[in-house]
Amino acid sequence: GWVRAWGLIALSGTVGLVIAGAWLAAATAQAGTDYLLEIVYAQGLGRVVDSFDHDLPFWWYLPVLAVVAFPWAWWLDGWRALAGLRRHLDEPGVRLALSWAVPVFVMLSLISGKRAHYLMGMLPALSLLGARALEPLLERHAGRFGTAPAVALMLAGAAGLAWVPT
């Protein structure tokens, strides 16, 4: 249940802190406390609050996400399918993908330094959510074209790769 899940989250967080703490202890022993202060405060926490580079407003990722998710973000049926995802919130896979993507997006938005490629880590979760949302739509239209267009597209992509310089 939920108690076990939160226990595992606490355990994994503790393990992560122990690993990071061991690294910081070794680095401090080797380079001194000035290095520790530089790494933790100036380069770590300092970038979160007041980035020396790429300081952008909290909402900056919203339009960037629309570009990163192109062309899917511009597909009206896809948005309708995502709205239907509410009916599947009891599924573990949907909850996992949401618990992956939403906190990452919120935390990245709160940090002052922003870059478009920081969003790449949440794209697999968004892809899983999109696939689950589109499943009913694809089931309705599965017999319309069969698999021939998909196979042709994959073959064309494979043939196109032959032309890519190595």
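In what follows, every heavy atom counts, from backbone to side chain, and hydrogens, waters and symmetry copies are set aside.
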Inset, instruction - Verify side chain to side chain contact (heavy atoms under 4.5 Å, CB included) between Leu119 and Tyr61, making sure each step is shown before the conclusion. - result: CA-CA 8 Å; Leu119 292 175; Tyr61 280 124; 3.6 Å; yes
Legend entry - Worked verdict on Lys114 versus Leu108 for side chain to side chain contact (heavy atoms under 4.5 Å, CB included): CA-CA 7 Å; Lys114 294 175 179 61; Leu108 288 175; over 6 Å; no
Inset, instruction - List the steps and the verdict of side chain to side chain contact (heavy atoms under 4.5 Å, CB included) for Leu126 and Phe105. - result: CA-CA 11 Å; Leu126 295 178; Phe105 187 79; over 6 Å; no
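Hydrophobic clustering (side-chain heavy atoms under 4.5 Å, transitive across Ile, Leu, Val, Met, Phe, Trp, Tyr) keeps Leu89 apart from Leu96. By the rule that hydrophobic residues join a cluster once side-chain heavy atoms approach within less than 4.5 Å of another member, Trp23 and Ile19 end up as members of separate clusters. Residues Met120 and Val67 fall into different hydrophobic clusters, defined by Ile, Leu, Val, Met, Phe, Trp and Tyr side chains chained together at heavy-atom separations under 4.5 Å.
Checking side-chain atoms of Trp60 against main-chain N and O of Arg115 turns up no donor-acceptor pair under 3.5 Å.
Evaluation of the side chain to side chain contact (heavy atoms under 4.5 Å, CB included) rule for Arg87 yields no partner, not counting sequence neighbours. With sequence neighbours left out, the salt bridge (Lys or Arg N to Asp or Glu O under 4.0 Å) criterion links Arg95 to no other residue. Shown here are the salt bridge (Lys or Arg N to Asp or Glu O under 4.0 Å) partners of Glu38, two or more places apart in sequence or in another chain: there are none. By the side chain to side chain contact (heavy atoms under 4.5 Å, CB included) test, Leu37 is found to be paired with Tyr41, residues two or more places apart in sequence or in another chain being considered. Here Val102 pairs with Leu98, Val106 under the side chain to side chain contact (heavy atoms under 4.5 Å, CB included) rule; sequence neighbours left out.
Nearest approach of Ala101 to Ala125, heavy atoms of both residues: CB-CB, 4.0 Å. Of all heavy-atom pairs spanning Gly121 and Trp100, the tightest one is O-NE1, 3.2 Å. In terms of heavy atoms, Leu82 sits closest to Leu129 at CD2-O, 4.4 Å. For the pair Tyr35 and Ala27, the tightest heavy-atom approach, listed with the atom from each and the gap, is CE2-CB, 3.6 Å.
Taking the side chain as every heavy atom from C-beta outward, Phe58 and Ser112 never approach each other to under 4.5 Å.
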List the atom pairs, with distances to 0.1 Å, where a side-chain N or O of residues 9-18 and a protein N or O form a donor-acceptor pair under 3.5 Å, not counting sequence neighbours.
from: Ser12; atom 1: OG; to: Leu8; atom 2: O; distance (Å): 3.2
from: Ser12; atom 1: OG; to: Ile9; atom 2: O; distance (Å): 2.9
from: Thr14; atom 1: OG1; to: Ala10; atom 2: O; distance (Å): 2.8

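If you take CD1 on Ile39 and CG on Asp34, they are separated by 12.0 Å, rounding to the nearest 0.5 Å.
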